[in-house]
Amino acid sequence: MADEAVAEHPAEPAAPKAKDARAPEAPRGGARGDDNAKDAPDAPGSSDAADAEAAEREKERERAADRFKDRTRDPLAEEQGEEEPTDAAAATRARRSGQKLLASGRDLIGFDRSDVGRLHIGDINIGLDARRSGLSMRDGPVPEEELLRIRRTHIEPEGYVRLRRALEARRLLVLGGAPGTGRASTALALLEEVTRDGESGQNAERVRRADPERGVRELAAQVVAGEGGRLRGTGYLLEPALDRPGTLPPDGMDLDQLASALAERGSYAVVVVSVGSAANPLLAGRYGAICPPAPTRELVAVRLRKRLEEEHGDPVRVGGGGSARDGDGGGGPDGHADRDRDGGRDEGRARGADQGGDRPRGGGPDEAGSLSRLLERAAELREDPEVTEAVGLDDLRPAEAELFASLLAGHLLGSVGREELLSGCRGLAAVQAYEWFAGVDRALAAPPPGDGRAPVRSGTAALFHPVAFRIALAVLGGASHSAVSAAAHLLTWELSVQSDPDSTPARPLFCDDPESDLALSRARPADGPVDVAGAEVTGRLIFYRGAALPAAVLAELWDRHFPVRAPVVRWLRLLADDPRPQVSMRAAVAAGELSVRDFEHGYAELVRPLAEAPTPRRRVFAATALDQAAGHASHRRAVRKVVEDWSRHGTPALRWTAAMALGYGRSADSMDDTLDALARIGVRDDGEQLAVASLNVVRLLTLPECATVLRRLADWTGHRGEEYQDLALVSIVRLALTDVDEVLDDEPGTPLGDRGDWPLLLALAATRPELTGKLADLFWTALNTARSRDVAFDALETLLRSASRKDGRAWTREGLAALLPALTAEEHDQRRLKWLLRRMMRDQDRPLTEERARALWRLAVPARQRRSDEEESHG
């Protein structure tokens, strides 16, 4: 029986000869007839001269086989050595992740702003002056109408009651938070509440702002003095400028002294600080507390309801034109949007505004019904997927909530069109990026507080680290937190050196605070897979809290801060050398996005120098950046011209880079043009770059135009030029040896994406049945051509062993069931498969079990044919 014959153990037969193959005149898949004729042995009875000639031909065939095997090496592993494989799958996943984070439609921020300090959308004017320093707030009382407005409209963050009780118990609270999160507004709300019924009574100066330049010690002296003894029960708000070079934070004794002075005068104080290394000791002490941000939904609901009530004649008006400034709360000096000072809603109504059912005071039934309908429409518009995508932020800060509510209200009332609404929503992330970078190094030029000495520049590293972390997160978002942090420190060094080239910047070693990094950069951690040496392990990843922020940060960086380009370019070149794909490939994608914003600069400083680099890793970086630029219609033509010129006239390094760019499928006008360019690169100089050309031919087989690629491979196998034949044969063998996730850009969930660890040949056979015949014909050609036979048989063995996993679970059986019958349709093909299965069963290192060998035989030979063979064997 044919089935039983697989289990027999006769002496291993010799490898199949070319004479066993099909007739060379009509080879399947376009196999070369002259190659098989040349490789066929001479007839018996030849003369001694003929025997010598035959022996020489045999040696030449062996040399050709060795050359062929060398061309099937991994072209990306040249720098590590052929025996050490590269992690192409990890690189592919990293590139896909980077593209996903930068593919939010914000590659060219369309938010028109001639002056980012003020925005004008429709009839809405919003002030967002990021340059305003906290030092502009001097000593002085907070007006009572402002305290009334805060009491009625402030949205309490989570844990507000705990903060109030801590302030009441200790008289002093050090409140930490990220700028823009409403921390100053919360501080004023706390002080207003604890002083409302205290010793200050109806004193118009019961809440005061303290001069940030004086610090904690001076505030303690001010409290003791009490303006000549007339101030008691007062609440003080202090925002010290701890980020200025030369400024030291107060110590525990200073805080104790202030708390004692406050208790003596029956007063209270809240010291507002930004989370970070300078403030961390304060926040960790007995007076410290973190201020959580106010919830986004409540913020937007209150602002939106206010805007709509204004348009319906609510007699108790709590808003005017709405000037949302760049304070902590996004408004006036306290961080809230400016509102009319003459009253407002009670606190309970502000808290319940999200329900949309409260009737506005002073309005008739028609107005109330109209407002109710507007609130319902507003809730629907707020959840509109297009609007949500345009906002691109996971949570909104007070100033952003004010602007967002104004845009929604304007659209509902007809003063803001749909495109204006979406443009304004996209501008939220752009404004945040602007605020992060505006005037960061201005503090370096300022003298230390309190004297007129020369500026202190020793704090450059501490000053630049937050912005460096934001840039690193924009480039490497989705990578591990440790990778982003390490990259941020590299960039901090580059920025410090660029800012002060005559000094060696200090490199603090124990100042990192992951929680501060998250808060200052609007970032979030998440557990996820990290690729390590070809395996996936769970790690701590980090992302921006909003899909719009990475692109907005890169746009702000590149378009508005030209001096920073030089250190960022040096930094990206360092990342290009990083052996971790999660770093180098994400950086390459970001480099492509930056090049789109200024192609001349990106090409001259990043793409061209790295494209000519001696290491494959840098050339892959350049190719990936080019492909990312080609993804934009505005730059596709330029990229294609560059790649075309490199493929025709470039140096070997440039041709190698062009081949990698072509493998993405977007760097030529059509698939045929792509294949023509790869063929030019592969056959030139006796096939010097055939390995990289064939790799990128295989990458193209994951695209929808797969049939076109297979057709061209068949044409190349029948080409007169041996270099074209080798390009086809090497590509066919590589197709069988390449896993799907090494070359596929699709996310899991697609037919190919769900088979990431399958050999691409079998995955295509299983998912594209219309291509199975072509795939089988091409692989048959490689098996029956002398110089590719050995490597092709090794590849076939690899395919057969992938039928099931080590634990017995099915793996690629579906693909083998589709491919093997087409590959072994003739009797001599079946004999060859039987021989290979016997060899695998006798393998001393990895013997194939008899059960699995029989199963593979049944996949290859249909049941009807097996029964016919059995009948014939029994006569």
Side-chain angles (χ1 to χ4, degrees), residues 98 101-111 113 116-117 128 130-131 179 392-393 426-442 444 460 463-479 484-485 487-499 517 520-523 542-576 583 586-607 625 628-629 632 635:
L101 291 178
L102 292 172
S104 59
R106 295 173 176 79
D107 50 292
L108 294 174
I109 299 296
F111 193 71
R113 60 200 196 286
V116 183
L128 291 154
R131 295 184 179 89
L393 299 172
R426 293 188 184 100
L428 294 174
V431 171
Q432 172 64 97
Y434 171 79
E435 293 174 1
W436 275 340
F437 295 103
V440 169
D441 53 359
R442 202 166 296 163
L444 293 176
T460 54
L463 182 68
F464 286 134
H465 181 71
V467 294
F469 190 89
R470 292 163 189 154
I471 297 170
L473 184 56
V475 171
L476 304 179
V484 174
S485 182
H489 279 288
L490 284 177
L491 182 56
T492 299
W493 176 271
E494 294 292 345
L495 294 175
S496 301
V497 171
Q498 183 77 14
S499 176
D517 290 340
L520 293 174
S521 301
R522 299 184 74 163
I542 184 171
F543 301 85
Y544 268 117
R545 296 185 61 83
L549 287 171
V553 167
L554 294 182
E556 174 69 22
L557 180 75
W558 219 240
D559 294 348
R560 299 181 63 88
H561 304 283
F562 293 102
V564 84
R565 288 187 177 188
V568 169
V569 164
R570 294 194 299 269
W571 174 67
L572 287 173
R573 290 180 178 181
L574 291 175
L575 297 187
V583 173
R586 283 181 170 87
V589 172
E593 287 296 313
L594 294 176
S595 297
V596 168
R597 309 203 68 83
D598 187 346
F599 193 73
E600 177 190 19
H601 187 273
Y603 177 80
E605 298 295 329
L606 279 171
V607 176
Q628 188 68 18
H632 298 263
H635 289 69

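Residue numbers start at 1 and run along the sequence shown. For clarity, every value in this text was computed on a predicted model and none was experimentally measured. Only this structure's heavy atoms are used, side chains among them; waters, hydrogens and symmetry mates stay out.
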Set out, in order, the CA-CA distance, both residues' side-chain angles and the distance that settles side-chain contact (heavy atoms from CB on, under 4.5 Å) for R573 and E605, then state yes or no.
CA-CA 10 Å; R573 290 180 178 181; E605 298 295 329; 4.1 Å; yes
side-chain contact (heavy atoms from CB on, under 4.5 Å), that's the test. Do L549 and R470 meet it? Break it down for me.
CA-CA 10 Å; L549 287 171; R470 292 163 189 154; over 6 Å; no
Between P567 and P563 the two heavy atoms that sit nearest each other are CD-O, 3.5 Å
Heavy atoms of A474 and L102 approach each other most closely as O-CD2, 4.4 Å
request  = Evaluate the ring planes of W558 and H601, with Trp represented by its six-membered ring, and classify them as parallel (under 30°), tilted (30 to 60°) or perpendicular (over 60°).
outcome  = perpendicular
**OP:** Find out whether W571 and V475 are in side-chain contact, i.e. whether some heavy atom of one side chain is under 4.5 Å from a heavy atom of the other.
**Re:** yes
Rounded to the nearest 0.5 Å, the OH atom of Y603 sits from the CG atom of D598 at a distance of 14.5 Å
Checking D517, L491, L495 against H465 for side chain to side chain contact (heavy atoms under 4.5 Å, CB included), the one that qualifies is D517
Sub-3.5 Å donor-acceptor pair from the side chain of H635 to the main-chain atoms of A629, do we have one?
no
| query | Is there a side-chain contact (heavy atoms from CB on, under 4.5 Å) between V564 and F437 once you walk through the steps? | reply | CA-CA 11 Å; V564 84; F437 295 103; over 6 Å; no
Within-4.5 Å side-chain heavy-atom neighbours: V484 and F469:
yes
* To do: For the residue pair D559 and R597, establish whether any side-chain heavy-atom pair is separated by less than 4.5 Å.
  => yes
Between the CG atom in L393 and the CG atom in L428, the distance rounded to the nearest 0.5 Å is 6.0 Å
In this structure, CG of L473 is separated from CZ of R545 (nearest 0.5 Å) by 12.0 Å
F464 and S496 have their tightest heavy-atom pair at CD1-OG, 3.8 Å
Nearest heavy-atom contact between A429 and A548 is CB-CB, 3.5 Å
Looking only at atom types and distance, does a side-chain atom of R586 sit under 3.5 Å from a main-chain N or O of G477, one as donor and one as acceptor? yes
Discussion item. Does any part of the side chain of P179, heavy atoms only, come nearer than 4.5 Å to the side chain of L520, both counted from C-beta?
Written reply: yes
Practice prompt. Tell me, with the steps shown, if L572 and L594 meet side-chain contact (heavy atoms from CB on, under 4.5 Å).
Written response: CA-CA 11 Å; L572 287 173; L594 294 176; 3.9 Å; yes
CG of L476 to OG of S485, rounded to nearest 0.5 Å, is 11.0 Å
For S595 and G602 the tightest heavy-atom approach is OG-CA, 3.5 Å
Between A468 and A488, the two heavy atoms sitting closest are CB-O, 3.5 Å
Would you say the side chain of Q432 lies within less than 4.5 Å of the side chain of E556, judging by non-hydrogen atoms?
no
